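Structure, as structure tokens:
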Amino acid sequence: MSSAAEQEAVPEAVQRDAGDRLSPVNGRQNGGSRRHGPAVWPGAPTPLGARYRVGPDGTAGTNFALWAGGADSVELCLFDASGRETRCELTELDHEIWHGFVPGVLPGQRYGFRVHGRWDPWTGARWNPAKLLLDPYARAVDGDFRLPAEVYGHVRDWPQQHVADTVRDERDSAPHVPKGVVVHDDDDWSDDHRPKTPWSDSVIYEVHVRGFTKRHPGIPEELRGTYAGLAHPAAIEHLTSLGVTAVELLPVHQFAHEDHLLRRGLKNYWGYNSIGYFAPHAGYAASGTAGQQVGEFKKMVRALHAAGIEVILDVVYNHTAEAGELGPTLSLRGIDNRGYYRLQSDARRYTDYTGCGNTLHVVQPHVLRLITDSLRYWVTEMGVDGFRFDLAAALARSMHDVDMLSPFLAVIAQDPVLRRVKLIAEPWDVGNGGYQVGAFPPLWTEWNDRYRDAVRDFWRGALPDVRDLGYRLSGSSDLYAWGGRRPQASINFITAHDGFTLRDLVSYERKHNEANGEGNRDGTGNNRSWNCGVEGETADTRINALRRRQLRSLLATLLVSTGVPMLVAGDEMGRTQGGNNNAYCQDNEVSWIDWSLLDEPGPRTLLELTRRLLALRHTHPVLRRRAFFSGRAQAADGLRDLAWFTPRGTEMTERDWYAPADTLGLYLSGRDIPGRDARGEEITDDSFLTILHAADRPASFLLPGAPWADAYELIVDTSREEQTAAPATLHRGGASINVPARSVLLLKVRT
């Protein structure tokens, strides 16, 4: 219950019996124009959501089922084209699931729920039937989330804000919120062929549906910014010619914009504010939002699959758009606040491991069911190939601590559908003990931020020694060589949607987020970047040439490293956000890819280098090993699968690893690749020597001689603006070569 001080501050009208609730037939309280509802048959408690089907006597209709633990009653609300509301009470209750079959309700019908129960925020009970609620299982959503005061379950603008969340708002929210849409599931995917790319062969391309397509000149204007735009041949041609194997789509679950952004005339661009876990975001549909977005999304997946590209979704199951106790009432809060969210001992408040105001209570069986039902739906009915879990550590928490034996991870491990798709963890959250890089169990891969940090620090000259870099380049065995995990457990990345673009990484040392309207306080200040001597854009040709060289060296480092590389859309052509490292609310030219960059020689040559490096990676299995290196001699000649060299041509000693260094040689043997191909044959390949040199002056490097190599052929030299198809420059083993400043040399061994 509330404290005495809080009780005094709360109006007398709100301090009534906690069991007192709004009447389901009280028009003044519930508001809105409505009419008497049609007959409701008992229906079935499963599956949850709205499912169109044929009833027991051959009558077509829709079965509605909603889990609402603790609720007193549930009303189904149907809306016609004019917005007029019809209410039907769901009287059947099985295992806390309210359900009913409504004859004559067909695909395209818009609907929502009103849930009745106690208003007692001090115990976490926040039922308010004046608020129309989105079905958590809605397959499509029609309309935008605006956030006027009417959509809040409490009186948002109450003068005493410290108790505002305890004062119930009795105005009808229906005119201001989107509705769920009944969808006809009639797709069996029999004509679809999933690429099923092995993890070791995968190259991930992180892409925003809207930002990738919005300015693409080859996509018809009416399709730009949409699923249909990403399915267009012009978009797919870029992906296939680049050589990526999977797109990782920033959130496409239905999401809402935050109130503080709308007040500043901004929107949530990234989409990490989910409210509908089954519905493709309607704002990305070109064909319509009355269910057409579902078919459009499926067509996009089919088109990408036909091109050999997998579809991975970035999913946000850790929190919802309802935020904390002062947030809007859109769905779960009004269905059963205590059942869906983690609450503090003071049940008015939310436990927040996400930094977004609330955390879903994944330990609860019905919450776990919601998440796993959603995941299976996107795999089996929408055709996707995997998921990247935002703040995955929050999902792995049991009651408080992160637990790798948590219900969520246990369910995923045994699920016959989900254990076969690609699973990527962002292995941290913002709570105590939330940093869990390297800790997720087998089946899981992880975003490896230690790779990002080590590579950035090396190329800006900030590594105290090269121990960490050695681990990162060779698959991060210190993090992942346990429990049968492989190098593919490491998703190697230098940039992601959150932070600087690759071009901004070499152009800015400070964030420039003024356009976000938060006084440049948002976004990290720890960028590990180097601006090459001038902050921001410059006309200095010398600095611009240096920046282009840094871009080439960073990309080459990423694409020759062991593990799964992830590129961010636009980095391959030098996209900039003007130094904004937190462009989550910039749905404009700041975030959209500027395809006119390819009219310039610098971005074109960077794109060609990226294509060439990815083609090399695809051709040579030694660059995408499926097992960790042993570092031991495999033959009498002493040749090992992995060796490290100093510029003196000697193998590195323990002392070398602990000393500062700006030059490092990495030898990969192609004759000692573990595993066999599909026909059971041994896998052999060329051997390679990679030299990374981060100093601002050229250096001499003594190439290892026998048994490592008789000669070396220069394949890639990132000091060059243009990369010829095959430089064919041979160097004798044991000879010294000149390594240009701030460059990567990739040399193929000749014997």
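Nothing here was measured: the structure is a model prediction, and the numbers come from that model.
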Task: Heavy-atom check, side chain of L368 versus side chain of F408, under 4.5 Å - done: yes
- [ ] For a side chain to side chain donor-acceptor pair (under 3.5 Å) with N581, tell me which candidate from T501, D498, D504, N527 qualifies.
- [x] N527
- [ ] Scan for side chain to side chain donor-acceptor pair (under 3.5 Å) pairs involving residues 213-239, sequence neighbours excluded, and state none if there are none.
- [x] H238-E572
Task: Nearest-0.5 Å distance, CG of residue L418 to CZ of residue R376 - done: 6.0 Å
Task: Contacts of F255 that satisfy ring-ring contact (aromatic ring centres under 6.0 Å, His included) - sequence neighbours left out - done: H257, H281
Task: CD1 on I371 to CG on L360, rounded to 0.5 Å - done: 5.5 Å
Open item on the list: Has R302 got a side-chain atom pairing as donor or acceptor with H193's backbone, closer than 3.5 angstrom?
Closed with: no
Task: Between H497 and Y584, ring centroids under 6.0 Å - done: no
Open item on the list: Among residues at least two apart in sequence or on other chains, which ones pass side chain to side chain donor-acceptor pair (under 3.5 Å) with R575?
Closed with: Q577
Task: Minimal non-hydrogen separation, S406 against L395, with atom names - done: OG-O, 4.2 Å
- [ ] Would you indicate whether N432, at its atom CG, is surrounded by more than 12 heavy atoms from other residues, nucleotides or ligands within a distance under 6.0 Å?
- [x] no
- [ ] May I ask you to decide whether R139 forms a salt bridge with D185, counting only side-chain N to carboxylate O separations under 4.0 Å?
- [x] yes
Open item on the list: Taking R528's backbone N and O only, do any of them form a donor-acceptor pair with R456's side chain (distance below 3.5 Å, no angle check)?
Closed with: no
Open item on the list: Restricting to non-hydrogen atoms, name the atom on W378 and the atom on Y277 that form the minimum distance, rounded to 0.1 Å.
Closed with: NE1-O, 2.8 Å
- [ ] Tell me, please, which residues at least two apart from D587 pass side chain to side chain contact (heavy atoms under 4.5 Å, CB included).
- [x] R210, Y269, W592
Task: Lys/Arg N to Asp/Glu carboxylate O, D385 vs R194, below 4.0 Å - done: yes
Open item on the list: One pair to check against side-chain hydrogen bond (donor to acceptor under 3.5 Å, both in side chains): S490 and N492. What are the steps and the verdict?
Closed with: CA-CA 6 Å; S490 177; N492 297 334; 2.6 Å; yes
Open item on the list: Would you say that P178 contacts D142 through its side chain, given a criterion of any heavy-atom pair below 4.5 Å between the two side chains?
Closed with: no
Open item on the list: Using a strict threshold of under 4.0 Å (side-chain N to carboxylate O), is an ion pair present between E426 and R388?
Closed with: yes
- [ ] Give the intermediate values and the outcome of ring-ring contact (aromatic ring centres under 6.0 Å, His included) for residues H366 and Y340.
- [x] CA-CA 8 Å; H366 47 274; Y340 276 109; 5.7 Å; yes
TODO: Mark yes or no for whether E514, through its side chain, and N520, through its backbone, hold a donor-acceptor pair below 3.5 Å.
DONE: no
Task: Check: H208 ring centre within less than 6.0 Å of Y284 ring centre - done: yes
Open item on the list: Using a 6.0 Å cut-off, check whether atom OH of Y471 has over 12 heavy atoms from anything other than its own residue.
Closed with: no
Task: Y205 and T245: CA distance, side-chain angles, deciding distance, side-chain hydrogen bond (donor to acceptor under 3.5 Å, both in side chains) verdict - done: CA-CA 8 Å; Y205 190 70; T245 68; over 6 Å; no
Open item on the list: Any donor-acceptor pair under 3.5 Å linking the side-chain atoms of S476 with those of D478?
Closed with: no
TODO: Indicate whether any N or O donor in one side chain lies under 3.5 Å from an N or O acceptor in the other, for S287 and E296.
DONE: yes
TODO: Please check if the side chain of D403 supplies one atom and the backbone of S398 the other of a donor-acceptor pair under 3.5 Å.
DONE: no
Open item on the list: I'd like to check the ring-ring contact (aromatic ring centres under 6.0 Å, His included) partners of Y451; sequence neighbours left out, ordered by chain and number.
Closed with: none
Task: Nearest-0.5 Å distance that lies between atom OH in Y508 and atom CG in N580 - done: 10.0 Å
- [ ] Provide the closest heavy-atom pair for H400 versus R397 in the form atom of the first, atom of the second, distance.
- [x] O-NH1, 2.7 Å
Task: Any donor-acceptor pair under 3.5 Å from E518 side chain to A515 backbone - done: no
Open item on the list: I'd like to know if the side chain of D314 and the backbone of P251 have a donor-acceptor N/O pair within less than 3.5 Å.
Closed with: no
TODO: Test salt bridge (charged side-chain N to carboxylate O under 4.0 Å, His left out) on R472 and D457 and set out the steps.
DONE: CA-CA 12 Å; R472 305 309 144 230; D457 281 349; over 6 Å; no
Task: Under 3.5 Å: donor-acceptor pair, side chain of Q293, backbone of V141 - done: yes
Open item on the list: Under 6.0 Å between ring centres: does that hold for W595 and F212?
Closed with: yes
TODO: Keeping the roles fixed (side chain from R369, backbone from Q364), state whether a donor-acceptor pair exists under 3.5 Å.
DONE: no
Open item on the list: Between E310 and K196, does any NZ, NE, NH1 or NH2 come within less than 4.0 Å of an OD or OE carboxylate oxygen?
Closed with: no
- [ ] Over all heavy atoms of both residues, which pair between L567 and L555 is shortest? Give the atoms and the distance, please.
- [x] CD2-CD2, 3.6 Å
TODO: Starting from the C-alpha separation in whole Å, work towards a yes-or-no answer on side chain to side chain contact (heavy atoms under 4.5 Å, CB included) for L614 and L559.
DONE: CA-CA 7 Å; L614 285 173; L559 297 179; 3.8 Å; yes
Task: W67 vs Y137, side chain to side chain contact (heavy atoms under 4.5 Å, CB included): CA-CA, chis, key distance, verdict - done: CA-CA 10 Å; W67 182 91; Y137 280 73; over 6 Å; no
TODO: Could you grab the distance from atom CD of Q488 to atom CZ of R625, nearest 0.5 Å is fine?
DONE: 10.5 Å
Task: Contact check, side chains of L473 and T557, non-hydrogen atoms, under 4.5 Å - done: yes
- [ ] Can you see which heavy atom on C585 is nearest to which on N516, and at what distance?
- [x] SG-OD1, 3.5 Å
- [ ] Look at K511 together with D522 and state whether they make a salt bridge at an N to O cut-off of under 4.0 Å.
- [x] no
Task: Heavy atoms from other residues, nucleotides or ligands near CG of D144 exceed 12 (cutoff 6.0 Å) - done: no
Open item on the list: Between D453 and R450, does any NZ, NE, NH1 or NH2 come within less than 4.0 Å of an OD or OE carboxylate oxygen?
Closed with: no
Open item on the list: The test is side-chain hydrogen bond (donor to acceptor under 3.5 Å, both in side chains); show your working for E322 and N358 and say whether it passes.
Closed with: CA-CA 8 Å; E322 292 185 302; N358 64 54; 5.9 Å; no
TODO: Look only at the side chain of R342 and the backbone of Y350, and say whether a donor-acceptor pair between them is shorter than 3.5 Å.
DONE: no
Task: Verdict with supporting geometry, T354 and N318, side-chain hydrogen bond (donor to acceptor under 3.5 Å, both in side chains) - done: CA-CA 7 Å; T354 67; N318 53 76; 4.5 Å; no
- [ ] Without swapping roles, check the side chain of R485 against the backbone of F440 for a donor-acceptor pair under 3.5 Å.
- [x] yes
- [ ] Compare all side-chain heavy atoms of L409 with those of I412 and state whether any distance is below 4.5 angstrom.
- [x] no
Open item on the list: So, using side chain to side chain contact (heavy atoms under 4.5 Å, CB included) as the criterion, who are the partners of A303 when residues are at least two apart?
Closed with: A231, I236
- [ ] Measure across D429 and L391 and return the closest heavy-atom pair with its distance rounded to 0.1 Å.
- [x] CA-CD2, 3.9 Å
